[in-house]
*Asks:* 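Have a look at the structure that comes next, please.
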Amino acid sequence: MALAMAQLTIAHQSSYGGPPSYGGHGQSSTGLPGASSYVAPTGFPTSAFSSYYPVPSGQEPQPALYDPVLNITYPLNLTNPDTIPDHDPDPEYFPVPIVNLAALDQQSVIASVVAEVGSVISSTSFGSNCSQCLAALSVAKSAAQLAPELVPQMFVDLCVKYKFHSNATCEEDFAADTFGAIWTQVLAFADVAGTDGRWICNSLSSTFCPFPGVAPLNVTSYFPSPKPTHPK
């Protein structure tokens with residue numbers, strides 16, 4: 001309440017002759033602490049780092065970053081804004097198709113898969129969301145095996161068409177240079193009719209399939225002999 005009254009007082013005084021004047025000792029004439037203005041120093045605080053790379057006057061300072069563990073000083077291009085990439089240089093990896101199809105044939109595969117996935121989504125014959133999702137994955141798997149490089153855009157188009165996410169999020173989640181290539185690999189190698197498919201459907205939405213849980217694992221065949229009763 002006191003702060004609100006002080007602000008009201010300042011506003012009232014400002015409307016009659018400008019802002020209030022402030023006295024010394026960091027205290028305003030109205031009793032509010034602090035100075036009325038602050039002027040930042042013109043020089044960069046060179047004490048922030050022990051050393052800097054020489055740069056032309058007027059350019060932002062470039063610290064010479066030192067790693068005491070590895071005992072190395074990183075090169076200038078680590079922080080130089082002129083050499084930092086403005087795009088993702090990582091390559092996109094796709095699974096090797098099981099057959100080599102011509103470009104038109106790959107497009108036909110994608111069109112057929114999109115139509116069949118649409119039929120699965122619009123069908124009312126499935127007993128649950130989970131079985132419906134698994135059926136859609138089984139159809140889409142053939143696209144990942146026959147025309148893998150076209151699958152990310154297929155993902156984006158299906159996502160947008162059925163409003164699975166916003167258009168922007170569909171691009172973020174399924175474009176080739178984000179996660180689309182990875183999803184294509186997963187789909188190509190997964191057992192989509194089994195536990196893999198349930199994991200995938202649950203990760204897409206918990207309303208599709210319930211969380212599968214962890215399957216029991218028998219590791220006895222991994223070792224040449226049973227665990228000793230009294231290990232040393």
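Note that the coordinates shown come from a computational prediction; the quantities given were computed from them, not determined experimentally.
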*Asks:* So how far is it from Thr73 OG1 to Leu78 CG, rounded to the nearest 0.5 Å?
*Replies:*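 CG of Leu78 is found 11.5 Å from OG1 of Thr73.
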*Asks:* Treat each ILVMFWY residue as a node, draw an edge where side-chain heavy atoms are under 4.5 Å apart, and state whether Tyr74 and Tyr53 are in one component.
*Replies:*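 Result: no, two separate clusters.
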*Asks:* For a quick test of reading the model, state the closest non-hydrogen atom pair linking Ser142 to Val113 and the distance between them.
*Replies:*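 Heavy atoms only, the tightest pair is OG-CG2, 3.6 Å.
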*Asks:* How many angstroms lie between atom OG of Ser51 and atom CD of Gln62, to the nearest 0.5 angstrom?
*Replies:*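 Result: 12.0 Å between the selected atoms.
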*Asks:* Ignoring hydrogens, what is the shortest heavy-atom contact between Ala136 and Val117? Give both atom names and the distance.
*Replies:*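 Nearest heavy atoms, Ala136 then Val117: O-CG2, 4.0 Å.
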*Asks:* Between Ser112 (side chain only) and Ser108 (backbone N and O only), is there a donor and an acceptor less than 3.5 Å apart?
*Replies:*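 Such a contact is absent between Ser112 side chain and Ser108 backbone.
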*Asks:* Is any side-chain heavy atom of Leu134 less than 4.5 Å from a side-chain heavy atom of Val192?
*Replies:*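 No. Closest side-chain heavy atoms not under 4.5 Å.
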*Asks:* In the structure I gave you, are the side-chain heavy atoms of Pro152 and Phe94 within less than 4.5 Å of one another anywhere?
*Replies:*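 Yes, side chains in contact.
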*Asks:* If you compare all heavy atoms of Asp196 against all heavy atoms of Asp191, which two are closest, and at what distance to 0.1 Å?
*Replies:*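 Heavy atoms of Asp196 and Asp191 come nearest at OD2-N, 2.8 Å.
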*Asks:* Which atom pair, heavy atoms only, marks the closest approach of Val69 to Asp67?
*Replies:*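 So the minimum-distance heavy-atom pair works out to N-OD1, 2.9 Å.
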*Asks:* Hey, any chance Phe208 and Tyr162 share a hydrophobic cluster, counting ILVMFWY side chains that come within less than 4.5 Å of each other, even indirectly?
*Replies:*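 Phe208 and Tyr162: one cluster.
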*Asks:* If you measure from NE2 on His165 to OG on Ser205, what distance do you get to the nearest 0.5 Å?
*Replies:*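 Result: 8.5 Å between the selected atoms.
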*Asks:* To check you understand the geometry: which heavy-atom pair defines the closest contact between Pro148 and Thr184, and what is its length?
*Replies:*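 Taking Pro148 first and Thr184 second, the nearest heavy atoms are O-CG2, 3.6 Å.
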*Asks:* Just verifying a value: how many Å separate Phe211 CZ and Ser203 OG, rounded to the nearest 0.5 Å?
*Replies:*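 Result: 10.5 Å between the selected atoms.
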*Asks:* Can you give me the closest heavy-atom contact between Tyr93 and Ala181, atom names plus distance?
*Replies:*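 Where Tyr93 meets Ala181 most closely, the heavy atoms are O-CB, 3.6 Å.
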*Asks:* Can you find a pair of side-chain heavy atoms, one from Asn71 and one from Tyr66, that are under 4.5 Å apart?
*Replies:*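 When only atoms from C-beta onward are counted, Tyr66 and Asn71 do touch, with a gap below 4.5 Å.
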*Asks:* Taking the side chain as every heavy atom from C-beta outward, state whether Leu158 and Met154 have any atom pair closer than 4.5 Å.
*Replies:*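 The answer is yes, as the side chains (C-beta and beyond) meet within the 4.5 Å cut-off.
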*Asks:* Can you check whether Trp183 reaches Asp173 side chain to side chain, under 4.5 Å on heavy atoms?
*Replies:*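 Contact flag for Trp183/Asp173 side chains = no.
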*Asks:* Taking the side chain as everything from C-beta on, heavy atoms only, tell me whether Phe174 gets closer than 4.5 Å to Thr178.
*Replies:*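 Answer no - side chains too far apart.
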*Asks:* Return yes when the gap between the SG atoms of Cys133 and Cys201 is under 2.5 Å; return no otherwise.
*Replies:*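 Correct, these two cysteines form a disulfide.
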*Asks:* Can you tell me if CG on Asp90 sees more than 12 non-hydrogen neighbours from other groups inside 6.0 Å?
*Replies:*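 Above 12, so yes.
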*Asks:* Dump the intermediate steps for side chain to side chain donor-acceptor pair (under 3.5 Å) on Asp157 and Gln153, then the final yes or no.
*Replies:* CA-CA 6 Å; Asp157 294 342; Gln153 188 58 51; 2.9 Å; yes
*Asks:* Would one find more than 12 heavy atoms of other residues, nucleotides or ligands at under 6.0 Å from atom CZ of Phe164?
*Replies:*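 Enclosed.
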*Asks:* Mind checking whether Tyr222 and Leu217 have side chains closer than 4.5 Å, heavy atoms only?
*Replies:*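 Side-chain contact under 4.5 Å: yes.
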*Asks:* Show your working on side chain to side chain contact (heavy atoms under 4.5 Å, CB included) between Phe155 and Leu187 and close with a plain yes or no.
*Replies:* CA-CA 11 Å; Phe155 287 154; Leu187 193 58; 3.8 Å; yes
*Asks:* Working to the nearest 0.5 angstrom, can you tell me the gap between Ile110 CD1 and Asp105 CG?
*Replies:*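 Going from CD1 on Ile110 over to CG on Asp105, the span is 12.0 Å.
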*Asks:* Using side-chain heavy atoms (C-beta onward) and a distance below 4.5 Å, is Leu146 in contact with Gln106?
*Replies:*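 No. Closest side-chain heavy atoms not under 4.5 Å.
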*Asks:* Roughly how far, to the nearest 0.5 Å, is CZ of Phe189 from NZ of Lys141?
*Replies:*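 Going from the NZ atom of Lys141 to the CZ atom of Phe189 covers 8.5 Å.
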*Asks:* Is a donor on one side and an acceptor on the other found under 3.5 Å between the side chain of Gln132 and the backbone of Ser123?
*Replies:*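 Side chain of Gln132 to backbone of Ser123: a pair is present.
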